[in-house]
Amino acid sequence: MTTTDNAGAPQPHAFQADVSRLLHLMVHSIYSDRDIFVRELISNAADACEKLRYEALSESGLIKDDEGFSIRLTVDAEAGTITFADNGIGMSHDELIGALGTIASSGTRAFLEKLNGKGGAVEPDGETDQPVQGADLIGQFGIGFYSAFMVADHVEVQTHKAGTQEGWSWVSDGKGTFTVTPLPLESAPTHGTRVILHLSTNGKAYAEPGRLERIVREHSGAVAVPIDLLDKPDAEARRISEGMALWARPKSEITPDLYAEFYRGLAGQFDSPALTVHWRAEGRHEYTVLAFVPGSRPLDLFEPARKSRGKLYVRRVLITQDADLLPGWLRFVRIVVDSSDLPLNVSREMIQDSPIFAAIRKGIVNRLLQELTKLAENDADAYAKIWRDFGAVLKEGLYEDPERRDQLFKLARFATSTQAEPTRTLADYVGSLRENQTAIWYITGDDQKRLATSPQLEGFRARGIEVLLLSDPVDAFWVETALGYEGKPFKSVTHGMADIKSVPVLEGETAASDVPPAPDVARLLAFMKETLAGCVEDVRASDRLAASAACLVAPEHGRDRRLERLLAETGNLGMLSKPVLEVNPTHPLVTALASRFAAGGDGSLVEDAAWLIHDEARVADGDAPTDASAFTARLTRVLTRAAQAPVETA
Ligand code: ADP
Ligand code: MG
């Protein structure tokens with residue numbers, strides 16, 4: 001790629017399309033909290049220092065011995081500029097174009113995707129002063145380097161990559177293009193980067209040292225690299241932040257605000273942590289952990305990779321930002337680990353393969369589960385919030401990590417047929433079993449409200465049997481593999497024989513009875529089975545119904561219907577197995593049909609009714625009728641008959 005043409009004039013590069021959209025959003029959103037650009041630029045500078053510290057482990061020539069890392073902010077009110085300088089790793093020509101011409105950060109990408117999801121179309125060339133849709137989101141998530149354009153009308157980045165003999169200058173007005181030109185080394189930083197913001201009219205107010213200092217203290221006080229401020233270009237530097245790793249400080253010295261601020265920098269979120277855990281492990285391995293459960297769901301929570309990303313330090317040196325420190329089902333926890341035992345002078349990969357790393361990982365999971373359990377016991381409301389945000393992720397552990405299942409069962413909370421809020425524990429459930437009830441009953445589906453009104457639940461409700469309403473996709477998987485809880489197996493109310501006859505029906509309730517169906521009904525069921533043979537495996541009398549005439553369930557040997565559907569959606573299953581149609585033998589529709597059928601004649605009405613009952617059961621499950629046009633024709637026929645029937649007068 002050439003950066004200058006033959007005459008030496010800079011050649012403009014176009015931003016990647018996503019960047020243009022983001023820039024437009026930055027400039028055109030009338031967004032109140034512009035302060036965040038300071039945090040973003042400082043966080044990049046700190047990252048650059050930590051990267052160089054790591055590189056220098058294997059290539060000690062990269063930094064001089066006496067040199068400390070620092071970030072330096074210089075205010076020049078006269079020129080209307082603020083400069084963020086660091087002596088970190090710097091960028092090569094290609095890195096510069098890659099990093100500042102495209103969207104590098106996954107947080108920023110997720111931000112844009114969220115915006116797309118909201119239908120918040122951002123037209124790069126739309127000229128408007130209206131707040132752009134989605135501007136409210138900027139406040140919630142870190143959005144990186146481009147936030148500089150909220151306050152600057154042009155930005156220059158001067159950079160010199162450590163270990164090279166080249167300097168580069170990147171300049172852009174944030175309107176679609178940027179240029180990159182060589183920078184004479186004498187005017188480039190020794191190594192590192194200077195980001196010079198030429199403030200726009202409405203960004204001018206930031207050229208004020210007091211204001212900048214306050215913002216730094218508020219948003220970046222916990223950054224691990226010291227920060228100096230120069231009130232004007234020739235002023236003496238003042239240290240405004242010590243840059244001591246927060247996790248290494250004694251807990252007693254750390255205020256909740258400081259933890260929260262550190263969390264925001266770490267997570268790229270602007271909320272406050274729902275749970276902060278900070279401890280130092282001693283004994284076989286020594287390490288310090290600072291972990292946070294976010295106060296809201298991060299954007300990437302359900303990314304397919306489902307990997308945890310933690311910051312791993314070895315004796316204060318950042319080894320990687322993406323250490324896989326936690327199992328997938330704890331990936332929402334934001335975490336920093338600093339170990340004194342891991343080897344420093346080997347590759348990142350080797351560090352993470354070491355048995356010490358595995359032991360640390362295990363220790364962390366133990367502790368986090370303990371802390372969550374403690375919170376659940378001591379502050380049910382705070383825990384309920386965490387469960388609402390992350391319960392669906394924690395439940396993945398029930399499936400993936402059988403060893404942890406008992407611990408996770410203690411943490412799990414459920415919505416049930418008697419309790420719509422997801423706050424019931426399995427212990428609660430087992431504590432209120434009904435007489436003769438031997439199983440923990442559940443129903444799975446997409447929508448909790450629909451589950452709560454499923455016909456399959458009626459007989460359970462009439463008997464006062466509580467049913468877990470499982471509406472997260474992962475539920476269909478773990479209930480299949482979990483063996484039970486306190487000796488009680490998990491059983492689906494839509495699978496196999498319900499067999500709840502022995503549990504007495506509550507007073508004032510009715511449920512399909514356990515007496516064998518009357519001979520007429522038995523003949524009707526046989527006829528229905530014959531009629532529906534292509535769609536159902538069997539038609540039988542049911543004890544799980546009360547108000548409804550019929551419902552569909554999975555056969556004993558089959559898989560739960562919801563799991564089958566999920567597998568079919570992901571292409572992991574060839575053919576769906578046929579369900580069983582269970583019929584309420586005492587329902588007035590069923591008994592009336594049975595007498596008509598016994599009386600002979602009228603076969604077409606009974607046949608239509610058989611199909612309609614079946615399709616109705618499908619609709620109750622959230623499915624469409626098997627054959628829409630046949631369904632409407634039948635319904636119309638039956639309604640016509642009903643409409644033509646003689647009017648009954650009282
Ligand atoms: P993120 O920091 O989340 O990756 P940003 O938009 O803040 O996203 O920055 C994009 C990239 O630009 C960084 O990943 C880094 O490679 C590069 N970069 C930005 N500022 C600096 C800097 N001061 N020193 C070195 N590289 C930088
Ligand atoms: Mg950044």
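Indexing begins at 1, ligand by ligand and atom by atom, following the structure's order. Note: hydrogens, waters and symmetry copies are ignored here, and every other heavy atom, side chains too, is used. Everything numeric in this text was worked out from a predicted model, so none of it was measured.
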Identify, by atom number and element, the atoms of ligand 1 in contact range of [X], meaning under 4.0 Å from any of its heavy atoms.
| X | answer |
| --- | --- |
| Ala48 | 24 (N), 25 (C) |
| Leu100 | 12 (O) |
| Gly144 | 5 (P), 6 (O), 7 (O) |
| Ala99 | 10 (C), 11 (C), 12 (O), 16 (O), 17 (C) |

Please check whether [X] reaches ligand 1 - meaning an N/O of the residue sits under 3.5 Å from an N/O of the ligand, judged on distance alone.
| X | result |
| --- | --- |
| Asp47 | no |
| Gly90 | no |
| Glu40 | no |

For Asp47, what residues pass the salt bridge (charged side-chain N to carboxylate O under 4.0 Å, His left out) criterion, not counting sequence neighbours?
none
Asp86 touching ligand 1 at heavy-atom level, < 4.0 angstrom:
yes
Determine whether a donor-acceptor pair (N or O, by modelled atom type, separation under 3.5 Å) exists between the side chain of Gln352 and the backbone of Asp324.
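Yes, the answer is positive, given that a donor and an acceptor are paired below the 3.5 Å cut-off.
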Looking only at atom types and distance, does a side-chain atom of Asn87 sit under 3.5 Å from a main-chain N or O of Gly68, one as donor and one as acceptor?
yes
Would you say Asn44 reaches the Mg ion (ligand 2) with an N/O/S atom under 2.8 Å?
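Checking the Mg ion (ligand 2) against Asn44, an N, O or S atom does fall under 2.8 Å.
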Taking the ring centre of each residue, are [X] and [Y] less than 6.0 Å apart?
| X | Y | answer |
| --- | --- | --- |
| Tyr259 | His278 | yes |
| His160 | His191 | no |
| Phe145 | Trp170 | yes |
| Phe149 | Phe37 | no |

